[in-house]
Amino acid sequence: MATTTPSRGRRRAPSRMTRAAGKAAALQKPRVILALLLLLALTSVMLLDGYLRAEVGGDERVRSNASSSKVPDKVLDGGPILSFRGGEAQSQSVPEKTIALTFDDGPNPTWTPQILKILEENDVPGTFFVVGSMVSRYPSIVKDLVNQGNEIGIHTFTHVDLSYQSDDRIAREMDQTQLALAGAAGITTTLFRAPYSSEADAIDNYSWPVYKKLGEEGYTSVFVDTDSDDWKRPGVSKIIKWATPSKNKGASVLFHDAGGERSQTVKALGTYIKKMKAKGYTFTTISGAIRQTESANQQANGQTGQTGQNGQQPGSEQSEQAGGQVPGGQQGQQGQQPGQEGQLGQSGQAGGVNSLQAAHRTATGTTLYEGKALVAAVAVAEWTVPGLATGLAVVGVAVMGRFGMMLILARRHYRQRNKRRFSWGPTVTQPVSVIVPAYNEKECIANTLESLAKSTHPIEIIVVDDGSTDDTSQIARDAARSFGMTNVRVIRQENAGKPAALNNGVRSASYDIVVMMDGDTVFEPDAVHQLVQPFADPEVGAVAGNAKVGNRNTIIGAWQHIEYVMGFNLDRRMYDLLRCMPTIPGAIGAFRRDAVLEVGGMSEDTLAEDTDITIAMHRGGWRVVYQEHARAWTEAPASLKQLWSQRYRWSYGTMQALWKHRKSLTDKGPSGRFGRVGMPLVVIFQIITPVFAPLIDVFTAYSMIFIDFKAALLAWLAVLGIQLVCAAYAFRLDREKYRYLLMMPLQQLAYRQMMYLVLIHSCITALTGGRLRWQKLKRTGEVGTPAGVS
């Protein structure tokens with residue numbers, strides 16, 4: 001055993017490293033916050049979109065046949081218009097031979113415009129009870145509806161049965177719909193129709209308190225006299241028949257402009273209007289019906305055209321109660337006497353329809369701006385979520401394609417390399433140099449040297465102590481003596497980083513082939529012999545070994561074990577056949593010494609020196625292969641914090657290396673081959689798809705909550721099944737025990753998400769120009785000799 005003097009390298013005192021690491025950590029905090037904010041924003045957009053898509057379900061009450069003992073008889077037996085003027089319940093009916101056309105559940109981008117066109121062609125107004133979530137999604141339709149002279153009422157925000165909701169939920173449903181109307185058309189309204197309501201005699205003890213509460217707040221609740229039951233799609237003739245009032249009675253007639261396929265409604269509506277006009281019926285809005293009824297009552301009392309006791313025009317109090325001021329602040333129809341508005345008959349509504357919108361109020365101030373903000377947020381969600389869905393479909397296809405490609409190429413690789421007649425060439429027997437860079441590896445270095453002492457291949461061992469502050473060097477010397485090893489050299493250098501240590505070892509190597517390993521890794525006895533056999537092929541410049549997790553008996557270790565076997569090794573088989581291996585693992589890899597020196601040695605430009613040197617070897621015209629039979633056991637991070645630090649450095653360093661070698665995309669020859677084959681595969685499979693992969697899980701949760709739980713769950717289980725098949729095949733190729741696959745479902749739910757977040761964090765650091773420094777992981781030395789690994 002020999003010891004040399006410290007070699008010169010880039011000097012970095014530990015104190016300076018500590019200060020730099022602290023500064024780098026401080027710079028990372030804003031980027032972590034930015035990543036979390038982006039994730040929060042995306043989650044919020046998706047939750048908003050999901051909330052908006054809680055659309056109309058079946059037209060039925062949550063509970064039916066409830067008692068109505070607490071509901072006044074005058075309400076149950078009264079008309080379809082219920083108000084609480086002066087705190088007392090009052091019912092009104094639609095005047096005889098008058099129809100108030102009402103439409104529920106809209107707006108809908110397909111059916112509402114068609115219905116509006118029919119109403120306009122027939123000079124007939126309608127009252128639309130809109131769902132707030134639909135208003136916020138289709139604001140332009142609501143604006144057209146109002147501009148055409150129709151009236152709007154609230155049908156809650158999510159079409160929920162308010163009879164069984166808390167006061168806070170009721171207030172939220174109403175307020176959110178008002179905001180949506182303010183943002184879409186600049187109005188609010190005082191008309192209300194409860195989802196799943198019908199005629200007034202259907203009010204029960206559960207719904208009655210809701211109507212009272214809303215009535216006291218100024219809302220007028222509207223029920224139905226005649227229901228077309230168009231939602232059942234019974235046919236045009238039945239829709240017309242069921243919507244026709246009996247015995248010339250006036251009626252609040254119910255149709256639907258959304259909530260399902262409404263082609264029969266559209267076909268029936270025009271015919272129905274013409275039929276009713278032929279019978280002498282006139283059409284009005286709910287507010288118009290209220291004013292007509294009030295005017296008729298006043299005429300019956302001999303008060304036509306007279307001023308009431310309080311100085312108001314007859315009917316003005318009811319007009320305010322029904323809907324407040326007409327947009328613009330005027331009541332009635334700009335000076336016309338009550339009873340004139342709404343009497344359109346067959347002559348049409350042109351020039352007078354705005355007077356029928358007495359339920360509307362102009363939205364101003366905070367309400368207007370909050371409404372516009374809501375509509376804008378919904379517009380973002382409406383564009384973002386479908387766009388993401390499309391992108392994720394592409395990502396999903398790419399992920400599935402990768403699984404398929406890995407299985408096919410991995411099998412081909414295994415069968416090719418394990419044929420009896422397969423050979424790289426003459427057996428490589430000449431000695432090789434094993435380089436072990438070490439920085440504060442006192443827990444592991446003895447185990448590493450003990451494993452190398454059992455090597456079946458002739459080797460020299462060069463331990464390069466990179467300025468350790470513990471007893472790494474002395475422990476290495478003592479271990480070499482205790483194992484009777486005379487082929488060990490310990491080189492000490494001032495702290496300069498792992499690349500400098502490896503370069504020092506390469507320069508000091510005595511042989512043409514150098515094997516590189518980490519100071520926390522142990523080799524199987526035949527690992528070196530297996531690793532160097534591909535060098536019998538003169539085209540091979542570097543060989544990747546089979547790194548395995550030694551501390552796999554913890555949950556975190558088992559997760560990483562699955563990842564190493566399934567991901568790393570299946571990937572390497574695929575990349576080997578495609579001749580574009582992106583990374584030789586630092587735990588076990590071998591190089592031609594001259595090739596390493598030819599490409600400039602291990603670079604300090606990136607944090608992933610192993611990826612950097614591998615790509616450089618490709619660009620230098622050398623072939624890089626994978627040797628599955630060369631096994632090494634490494635100590636994986638034992639805590640989530642250390643795991644995050646390691647993978648953050650790996651992913652960030654990979655991005656650095658890809659950017660450094662970006663010119664290979666346009667190069668010719670071997671360099672161009674890697675650039676046009678390997679580079680895209682690495683970018684797609686190791687950066688783009690993992691970055692977007694978390695969104696697949698987010699969309700799965702979204703689908704389970706808002707769309708179809710069973711279908712989404714089955715889809716997730718199907719993907720998990722495919723991954724299990726791939727993992728099981730990878731375990732079979734590596735002759736691993738299948739029991740670890742029991743951890744895979746939990747790995748998919750927890751560990752994989754963490755890896756995705758690490759990559760996203762790295763991407764943000766790269767995009768914002770951050771600089772990440774290498775961090776030493778804490779080791780325990782629990783990975784002993786390979787024989788002790790189960």
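Shown are Leu191, Leu181, Ile187; of these, the side chain to side chain contact (heavy atoms under 4.5 Å, CB included) with His360 is made only by Ile187. Checking Asp104, Asn108, Thr265, Asp230 one by one against His256, the side chain to side chain donor-acceptor pair (under 3.5 Å) holds for a single residue, Asp230.
Side chain of Thr188 to backbone of Gln178: no donor-acceptor contact under 3.5 angstrom is found. Remark: side-chain polar atoms of Asp204 are not paired, donor with acceptor, to backbone N or O of Ala66 under 3.5 angstrom. Judged by distance alone, the side chain of Ser197 and the main-chain N or O of Pro195 form no donor-acceptor pair under 3.5 Å. In terms of modelled atom types and a separation under 3.5 Å, the side chain of Glu151 and the main chain of Ile286 share a donor-acceptor contact. Although no hydrogens or angles enter the test, the distance criterion places no donor-acceptor pair under 3.5 Å between the side chain of Trp111 and the main chain of Gly259.
With sequence neighbours left out, the ring pair (Phe, Tyr, Trp, His ring centres under 6.0 Å) criterion links Trp716 to no other residue. Residues satisfying the ring pair (Phe, Tyr, Trp, His ring centres under 6.0 Å) test with Phe223, not counting sequence neighbours, are Tyr211. Under the ring pair (Phe, Tyr, Trp, His ring centres under 6.0 Å) criterion, Phe192 pairs with no residue at all, not counting sequence neighbours. Lys267 meets the salt bridge (charged side-chain N to carboxylate O under 4.0 Å, His left out) test with no other residue; sequence neighbours excluded.
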Begin with the C-alpha distance, continue with both residues' side-chain angles, and end with the deciding distance and a verdict on side-chain contact (heavy atoms from CB on, under 4.5 Å) for Phe128 and Leu116.
CA-CA 10 Å; Phe128 291 78; Leu116 288 177; 3.8 Å; yes

May I have the step-by-step check of side-chain contact (heavy atoms from CB on, under 4.5 Å) for Tyr138 and Thr112, ending in yes or no?
CA-CA 10 Å; Tyr138 308 111; Thr112 304; over 6 Å; no

Full working for side-chain contact (heavy atoms from CB on, under 4.5 Å) between Asp201 and Asp77:
CA-CA 6 Å; Asp201 60 7; Asp77 299 331; 5.7 Å; no

Between Tyr272 and Leu101, does a side-chain contact (heavy atoms from CB on, under 4.5 Å) hold up when you go through it step by step?
CA-CA 11 Å; Tyr272 173 77; Leu101 285 175; 3.8 Å; yes

Assess whether side-chain hydrogen bond (donor to acceptor under 3.5 Å, both in side chains) is satisfied between Asp168 and Ser166, documenting all intermediate values.
CA-CA 5 Å; Asp168 288 342; Ser166 65; 5.3 Å; no

If you apply the rule salt bridge (Lys or Arg N to Asp or Glu O under 4.0 Å), what do you find for Lys212 with Glu216, and how did you get there?
CA-CA 6 Å; Lys212 285 184 63 177; Glu216 291 168 358; 5.2 Å; no

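Annotation for Val378 and Ser136: closest pair CG1-O, 3.2 Å, computed over non-hydrogen atoms. Closest approach of Val142 and Ala185 over heavy atoms only: CG1-CB, 4.2 Å. In this structure, Val222 and Arg193 approach most closely via the heavy-atom pair O-NE, 3.3 Å. Considering all non-hydrogen atoms of both residues, Leu374 and Leu179 come closest at CD2-CB, 4.2 Å. Minimum heavy-atom separation, Ser252 to Val94: N-CG2, 3.8 Å. Across all non-hydrogen atoms, the minimal contact from Ser207 to Ser163 is CB-OG, 3.3 Å.
Atoms CD and CG, from Glu173 and Leu214 in turn, are 11.0 Å apart once rounded to the nearest 0.5 Å. Going from atom CG of Asp225 over to atom OG of Ser198 covers 11.0 Å, rounded to the nearest 0.5 Å. Between atom OG of residue Ser91 and atom CD1 of residue Ile81 there is a gap of 9.5 Å, rounded to the nearest 0.5 Å. Distance check: Thr226 OG1 to Phe255 CZ gives 9.5 Å after rounding to the nearest 0.5 Å. Atom OG1 of Thr177 is separated from atom CD1 of Ile154 by 5.0 Å, given to the nearest 0.5 angstrom. Between the CG atom in Asp257 and the OG1 atom in Thr102 there is a gap of 10.0 Å [rounded to 0.5 Å].
Within the 4.5 Å cutoff, the side chain of Val124 has heavy atoms near those of the Lys277 side chain. The closest side-chain heavy-atom distance from Val135 to Pro107 is below 4.5 Å. The side-chain heavy atoms of Thr284 and Arg291, taken from C-beta on, include no pair separated by under 4.5 Å. Residues Leu119 and Ile273 have side chains in contact (heavy-atom distance under 4.5 Å, counting atoms from C-beta outward). With a 4.5 Å cut-off on side-chain heavy atoms, Arg262 and Trp231 count as touching. Side-chain contact between Leu145 and Phe103 is absent, with no heavy-atom pair separated by less than 4.5 Å. With a 4.5 Å cut-off on side-chain heavy atoms, Phe283 and Asn122 do not count as touching. The side-chain heavy atoms of His155 and Val130, taken from C-beta on, include no pair separated by under 4.5 Å.
Side-chain contact, Thr156 with Arg169: no donor N or O sits under 3.5 Å from an acceptor N or O.
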Side chains of residues 233-251: which donor-acceptor partners sit under 3.5 Å, not counting sequence neighbours?
residue	atom	partner	partner atom	Å
Arg233	NE	Glu261	OE1	3.1
Arg233	NH2	Glu261	OE1	3.0
Thr244	OG1	Ile240	O	2.7

Listing, residues 67-76 side-chain donor-acceptor contacts under 3.5 Å, not counting sequence neighbours, or none:
residue	atom	partner	partner atom	Å
Ser67	OG	Ser69	N	3.2
Ser67	OG	Ser69	OG	3.3
Ser67	OG	Asn205	ND2	3.4
Ser69	OG	Asn205	ND2	3.1
Lys74	NZ	Glu88	OE2	3.1
Lys74	NZ	Ala89	O	3.3

